[in-house]
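These notes concern the structure reproduced below.
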Amino acid sequence: MKAALIGNQNSGKTTLFNLLTGSNQQIGNWPGVTIEKKSGNIRGALGWEVVDLPGIYSLSPYTSEETVSRDFVLNESPDLVINIIDATSIERSLYLTTQILELDYPVVIALNMADIMKRKGVTVDEEKLSAKLGVPVVTISALKKTGIDKLIDAVVGCKAKTNTGKPFSPQIERAVETVQKDLTGSNRRFKAVKLLERDKLLAPVINAKVEEAAANLEKSEGMDTEQIFADARYRYIETVKTAAITVAPPKETTTDKLDKVFLNKWAALPIFAAIMALIYFLSVGVVGTLTVDLVDAGFSKLSELAGGGLIKLGASDWAASLVADGIISGVGAALNFVPQLIIMFLCLALLETTGYMSRIAFFLDRLFKRFGLSGKSLIPFIVGVGCSVPGIMSTRTIEDEDEKRMTVMLTPFIPCSAKLPIISMFGGFFFGSFAWLASLSLYFLAIAVILISALVMKKFFFKGNPASFISELPDYKLPSPVYVLRQVWERIFAFIKRAGTVILLCSVVVWFLVSFSFKFEYGVDIENSMMAGIGNCLAWVFYPMLGNWSWAATVSAFQGLVAKEQVVSSMAVIAGLAEDAAGADIFSSGVFSFFTGASAYAYMVFNLFSAPCFGAIGAMRRELGSAKKTWIAIAFQTGLAWCLATLVNAVGSLILLL
Ligand code: GDP
Ligand code: MG
């Protein structure tokens, strides 16, 4: 026994087909055309096979999909037709149904999308609809897997067609009757209507009698027969709708009301900007200024006490320095930022759990499409505010290969939480109480750079079409405190763990390289240290953006490859060792005092856009699938970062001169 699955495009045929057949499907092409052909056995219905036909809107042979579907039902004589109807656009779906009902085969109607029917305010009286159409109707949701068993029962139990109704006006019915009388074989009513419509595939069989009946009909109705039948079908559908379907204006939910504000055409972007501004203001601004000095002073004190204590206990100079200037300074420099990160993570977790993030992503979908990206690439960018690694991993949901590759390369541009220490430290010193504005400006600069890069890449390298975005969105809901706290805790814990492991190790290495010369003499002037030697070989790279020859800033930037907060830790260790004056702050130490507002911003820009840390590079490698592409991505990111930073310093220096 064979069932044909017929319905409009996007009515859920394939979803239903997969549900009905499970994994036992054969996939091939229809003879002569490249349209996919799928068939399989219906689970739990012994001896039943189902064929997924291409999505169509009518049985007229205008497109290859329509021809394929029509040929199948006319020539392969299925034992039954499952007509799937999208409950959210019943009128359009029923147009096809009226044609299917003209065939001889038994029909079972699957009324799909039951899950969103209610939300749209649509109520369908299954029994009345079934009585009106003369065939069984089963309400299902292919997505939520409801009603499927009932549908299978209906298919198995459906023996013959019961519908003998005459839906058209007496005059039209008479014309159909006249033509039908002379036909033989199956599907006579269907063929009679098509003949009257002067269907092009039936042209050879249109005889004088058919022509006369059609002409008569046209004369009395004043339009051609194709229009007459289309018109008659819609009139019939009207009566079906009145009998069985009620559409109540959908109730406005809380989500709708909130969307009116948050996703308002004009206000959505300003509100989004304001929310991000608030996040940076609270974390970098309020909490940052309150805590950094305090925590910093704490670590300085600790460093002093530890150093002094160790000396008193008889430890050697270098051991005391390792603990005080290396470990405590380096790890402390990173831990300084824990309070502001807590606030930032808290805000982000709130935005996620309330559903705001997914909804704004959906809203920005349209805007992003213009740049060759879709809402699906927005998710990585949003996740990337926490950390690039999960951000890059979430590009897996992007179907279009080109869009995915672009997104992988662009996600590290988003200021991740490890970059916040750099931004916050420089911002705090050079922009004072406007540090949060500096951070915010970098966030929006990142978005601008991402969009422009996407546009350029799209124009020259990648040609794909952005995939359309998910249709179902979570409603707004009250945040769950447990979820929020767990999110914050996990992220903070990861940060602290890095400080205690990677950053600690690196701080020791930095301390070693700064404290010793190449001849392994301890306590040399830092300008003669190994670190200075290494940095001096590479400092030319950073000269244009810093306007200064600085080995210290050079080696620190390179350490961003390990972890971005290591840039800050490295600077703290170097400055600590450079300065004899106790408690001196990083920017008043000789090695870093050259920074101006312009070069500070340039350095921030470089660290923001250059190659991400090794963890993120590994994630890029996995998602891009090749080492070569990864190298290209790194070269692109670092090259762009260098150019931007140099430009920022040049423009900034000019402004400072004025
Ligand atoms: P086809 O073009 O007829 O094969 O339709 P698909 O099976 O590809 O489905 C089109 C879209 O509608 C997909 O995004 C499905 O996830 C979605 N869809 C299918 N059935 C349902 C349903 O019952 N409810 C909802 N909400 N969505 C559905
Ligand atoms: Mg399909």
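From a predicted model like this one, the values you see are computed outputs, not experimental measurements.
Partner Ile279 forms a side-chain contact (heavy atoms from CB on, under 4.5 Å) with one of Leu351, Leu346, Leu350, Val284 and no other, that one being Leu351. When each of Trp436, Tyr601, Tyr280 is paired with Ser441, the side-chain hydrogen bond (donor to acceptor under 3.5 Å, both in side chains) condition holds for Tyr601 and for no other.
Salt-bridge check for Glu352 with Arg491: passed, with a basic side-chain N closer than 4.0 Å to an acidic carboxylate O.
The structure places SG of Cys416 at 8.0 Å from CD of Glu565, a figure rounded to the nearest 0.5 Å. Put simply, CD1 on Ile447 and CZ on Phe413 are 13.5 Å apart, with the number rounded to the nearest 0.5 Å. Taking OG from Ser388 and CD1 from Ile414, the interatomic distance works out to 8.5 Å, rounded to the nearest 0.5 Å. Separation of atoms CE (Met406) and CD1 (Ile450) is listed at 11.0 Å; rounding is to 0.5 Å. For the atom pair CG of Leu258 and OG1 of Thr354, the computed distance is 9.5 Å after rounding to the nearest 0.5 Å. The CZ atom of Phe592 sits 11.0 Å away from the CG atom of Asn548 when rounded to the nearest 0.5 Å.
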Using side chain to side chain contact (heavy atoms under 4.5 Å, CB included), reason through Val338 and Phe495 one step at a time and then give a plain yes or no.
CA-CA 8 Å; Val338 165; Phe495 186 85; 3.9 Å; yes
Go through the steps for Phe609 and Leu644 under the test side chain to side chain contact (heavy atoms under 4.5 Å, CB included), then give the verdict.
CA-CA 9 Å; Phe609 293 110; Leu644 277 175; 3.9 Å; yes
I would like to know whether Ile452 and Phe371 meet side chain to side chain contact (heavy atoms under 4.5 Å, CB included); could you show each step before the answer?
CA-CA 8 Å; Ile452 295 168; Phe371 295 90; 5.9 Å; no
Can you list the steps and then say if Val651 with Leu654 is a side chain to side chain contact (heavy atoms under 4.5 Å, CB included)?
CA-CA 5 Å; Val651 175; Leu654 272 181; 5.7 Å; no
Ring pair (Phe, Tyr, Trp, His ring centres under 6.0 Å) between Tyr356 and Tyr476, worked out
CA-CA 7 Å; Tyr356 175 77; Tyr476 290 105; 7.1 Å; no
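With hydrogens and angles ignored, the 3.5 Å screen pairs no side-chain donor or acceptor of Lys458 with any backbone N or O of Gly372. At distances below 3.5 Å, at least one donor-acceptor pair connects side-chain atoms of Ser417 with backbone N or O atoms of Gly386. In this structure a side-chain-to-backbone donor-acceptor pair under 3.5 Å is missing from Ser283 to Met344. Checked by atom type and distance alone, the side chain of Ser377 never pairs as donor or acceptor with a backbone atom of Leu373 at under 3.5 Å. Looking only at distances, no side-chain donor or acceptor of Ser570 sits under 3.5 Å from a matching main-chain atom of Gln566. In this structure, Thr353 contributes its side chain and Leu478 its backbone to no donor-acceptor pair below 3.5 Å. Under the 3.5 Å distance criterion, the side-chain polar atoms of Tyr443 are left unmatched by any main-chain donor or acceptor of Ala273. Judged by distance alone, with hydrogens and angles left aside, the side-chain atoms of Ser529 form a donor-acceptor pair with the main-chain N or O of Ala532 at under 3.5 Å. Formation of a donor-acceptor pair under 3.5 Å by the Asn649 side chain with backbone atoms of Pro544 is found in this model. No donor-acceptor pair closer than 3.5 Å links the side chain of Ser515 to the backbone N or O of Phe512.
No more than 12 heavy atoms of other residues, nucleotides or ligands lie within 6.0 Å of OH in Tyr543, so this atom counts as exposed by the packing criterion. Within 6.0 Å of CZ in Phe434 there are 12 or fewer heavy atoms belonging to other residues, nucleotides or ligands. The environment of Trp489 atom CH2 is sparse: at most 12 non-hydrogen atoms of other residues, nucleotides or ligands sit within 6.0 angstrom.
With sequence neighbours excluded, the residues forming a salt bridge (Lys or Arg N to Asp or Glu O under 4.0 Å) with Lys301 are Glu304, listed by chain and number. The salt bridge (Lys or Arg N to Asp or Glu O under 4.0 Å) test applied to Asp259 returns Arg359, not counting sequence neighbours. When the salt bridge (Lys or Arg N to Asp or Glu O under 4.0 Å) test is applied to Arg396, the partners found at least two apart in sequence or on another chain are Glu623.
Gln637 and Ala611 make their closest contact through OE1-CA, 3.9 Å (heavy atoms, listed as atom of the first residue, atom of the second, distance). Listed here is the closest heavy atom pair of Gly391 and Pro380: O-CB, 3.2 Å. A pairwise comparison of heavy atoms in Pro415 and Ile423 identifies CB-CD1, 4.1 Å as the closest pair. The two atoms that bring Leu656 and Gly597 nearest to each other are CD1-N, 4.1 Å, heavy atoms only. Of all heavy-atom pairs spanning Gly330 and Ile503, the tightest one is O-CG2, 4.0 Å. A pairwise comparison of heavy atoms in Val591 and Glu527 identifies CG1-OE2, 4.1 Å as the closest pair.
A centroid separation of less than 6.0 Å is found between the aromatic rings of Phe430 and Phe587. You'll find the ring centres of Phe426 and Tyr603 inside the 6.0 Å limit. For Phe429 and Phe595, the ring centers sit 6.0 Å or farther from each other.
Side-chain contact check for Ile392 versus Pro412: some heavy-atom pair is nearer than 4.5 Å. A 4.5 Å side-chain heavy-atom check between Phe606 and Thr638 finds at least one atom pair inside the cut-off. Put simply, the side chain of Arg405 does not reach to within 4.5 Å of the side chain of Met457, judged on heavy atoms. In this structure, the side chains of Ile534 and Trp551 stay at 4.5 Å or more apart for every pair of heavy atoms. Using a 4.5 Å cut-off on side-chain heavy atoms (C-beta onward), Met545 and Val648 make no contact. Between Leu420 and Phe337, every side-chain heavy-atom pair lies at or beyond the 4.5 Å cut-off. Val323 places a side-chain heavy atom less than 4.5 Å from the side chain of Ile328. Residues Leu410 and Phe381 have side chains in contact (heavy-atom distance under 4.5 Å, counting atoms from C-beta outward).
For the 3.5 Å distance criterion, the side chains of Ser321 and Asp325 qualify, holding a donor opposite an acceptor. A donor and an acceptor atom, one from each side chain of Ser424 and Gln340, are located under 3.5 Å apart. Remark: the Ser300 side chain and the Ser303 side chain contain no N/O donor-acceptor pair separated by less than 3.5 Å. Looking at Ser517 and Glu521, their side chains do bring a donor and an acceptor atom within 3.5 Å of each other.
Relative ring orientation between Phe542 and Phe558 is described as perpendicular, the plane-to-plane angle rising above 60° on a 0-90° scale split at 30° and 60°.
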